[in-house]
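A, B, ... follow the sequence lines: proteins, then strands. Residue 1 opens every chain. Side-chain atoms are counted along with the backbone in the values below, which use heavy atoms only and exclude waters and symmetry mates.
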Protein chains: 2
Amino acid sequence: MKDRVSVALESYLEQIADLQKEHGAVRTSDLADRMGCRRSSVTNALQRLSEKGLINYQSYRPVTLTAEGEKTIKALSRYHGILADFLENILAFPEKFAQEEACRLEHRVSQSTIERMRIYIEFIEQTDNLDRGLASAKFKEFMQKR
Amino acid sequence: MKDRVSVALESYLEQIADLQKEHGAVRTSDLADRMGCRRSSVTNALQRLSEKGLINYQSYRPVTLTAEGEKTIKALSRYHGILADFLENILAFPEKFAQEEACRLEHRVSQSTIERMRIYIEFIEQTDNLDRGLASAKFKEFMQKR
DNA sequence: CGCAAAAATTAGCTTTATCTAACACTTTTA
DNA sequence: TAAAAGTGTTAGATAAAGCTAATTTTTGCG
């Protein structure tokens with residue numbers, strides 16, 4: 001069982017995936033902007049990600065994810081999505097906050113909790129469809145009145 | 001706004017509070033057992049906690065929390081309690097898991113999310129009392145059927 | 001009491017993750 | 001096309017958090 005990559009490196013990896021989608025190529029300075037750190041810290045991170053086989057990296061060349069890196073990202077972004085969905089649609093947070101909080105939590109929340117959140121969302125949706133509780137709508141209403 | 005103590009140090013602080021309650025005095029080796037690390041790492045942590053004014057520490061003496069340390073712990077354990085409550089009573093996890101997961105998350109979840117979880121629990125309880133949805137019971141039932 | 005065992009600390013090393021400053025490559029542009 | 005600007009990397013520091021091995025302090029017992 002290959003040891004899990006650190007929270008910091010996971011975040012770099014996510015930003016790389018994001019930038020790849022947006023711009024194709026991924027540059028050190030864009031990553032530094034996103035991560036709020038110096039370019040030299042990015043270089044250091046890229047070297048470590050490369051050693052772990054998660055990115056294709058050569059000096060002065062734009063970066064891409066390896067197949068392994070893609071796989072890691074896929075799992076992570078699923079976690080992120082479910083978390084953000086839960087925060088927005090169950091706990092009734094605004095989307096922006098939900099996204100930010102999901103970023104903070106996705107590296108820590110266990111798989112069981114993620115799956116349970118998914119099931120909970122499904123449950124609430126079913127309840128809503130049965131027009132019995134309209135639980136999520138009711139919660140939003142409840143929030144307004146406080 | 002004094003900068004927040006690290007996740008690692010926060011964990012040490014919690015174990016200190018726990019041991020203080022159980023045994024009065026807090027010894028390096030007990031802490032090492034609890035934290036699953038070496039005694040030398042504990043000494044190192046104690047020195048840093050002491051520099052931050054969170055514990056009273058002198059070489060070879062048992063450790064106690066400062067007022068500041070107590071305050072930190074109080075906030076943390078409130079977070080822990082709400083999280084565990086949410087995991088157990090909303091997401092229907094067994095108590096043991098809820099406690100463990102709360103330990104992992106309490107250092108990362110933002111205050112807003114904690115407060116919102118508290119409100120959500122309150123909301124569900126009210127709903128349940130109105131005998132309208134019995135949402136939490138229904139969710140447990142729903143879980144059983146899967 | 002005095003000494004051995006246990007407990008705690010120190011010293012020194014490692015890795016991660018960050019920084020600044022200096023240097024090396026690339027790209028732009030006059 | 002060559003100098004300047006911009007981008008990327010290296011070198012060297014620092015701090016957190018851990019480790020092992022060696023040393024120091026405390027404690028318990030014969």
Out of [options], which has the shortest distance to the side chain of [X]?
X	options	answer
A:K52	C:dT16, D:dT9, C:dA17	C:dT16
B:R27	C:dT9, C:dA8, D:dC19	C:dA8
A:C37	D:dA17, C:dT18, C:dT9	C:dT18

Could you state the [atom1]-[atom2] distance from [X] to [N], rounded to the nearest angstrom?
X	N	atom1	atom2	answer
B:E10	D:dA17	CD	P	11 Å
B:L13	D:dA17	CG	C1'	16 Å
A:D33	D:dT7	CG	P	9 Å
B:R4	D:dA16	CZ	P	17 Å
B:I55	C:dA8	CD1	P	13 Å
B:L31	D:dG18	CG	C1'	15 Å
A:L49	C:dT16	CG	C1'	12 Å
A:N44	C:dT20	CG	C1'	14 Å

query: Base, sugar-phosphate, or nothing for A:S29, non-hydrogen atoms under 4.0 angstrom?
result: sugar-phosphate

task: May I ask you to say what B:S6 touches in the nucleic acid, namely base, sugar-phosphate or nothing, with a heavy-atom cut-off under 4.0 Å?
output: sugar-phosphate

statement: For A:T66 and A:I55 the tightest heavy-atom approach is CG2-C, 3.5 Å

- prompt: Is the number of heavy atoms from other residues, nucleotides or ligands within 6.0 Å of CD (A:Q58) greater than 12?
  reply: no

field: Distance, nearest 0.5 Å, that separates CD of A:E10 from SG of A:C103
entry: 11.5 Å

Any non-hydrogen side-chain atom of [X] less than 4.5 Å from a side-chain atom of [Y]?
X	Y	answer
B:V26	B:P62	no
B:Y57	B:L49	no
B:L13	B:L65	yes

Presence of [X] side-chain N/O under 4.0 Å of [N] phosphate oxygens OP1/OP2:
X	N	value
A:R38	C:dT18	no
A:R39	D:dT9	no
A:R48	C:dT16	no
B:Q47	C:dT10	yes
B:T43	C:dT9	yes
A:Y57	D:dT9	yes

What does the list of N/O pairs under 3.5 Å between the protein and nucleotides 21-28 of chain D look like, with a distance for each?
residue: D:dT24; atom: O2; partner: B:Y60; partner atom: OH; Å: 3.4

- prompt: Do the charged groups of B:E14 and B:R34 touch, with an N to O distance under 4.0 Å?
  reply: no

- prompt: Can you name the side chain to side chain contact (heavy atoms under 4.5 Å, CB included) partners of A:D30, sequence neighbours left out?
  reply: A:L19, A:R27

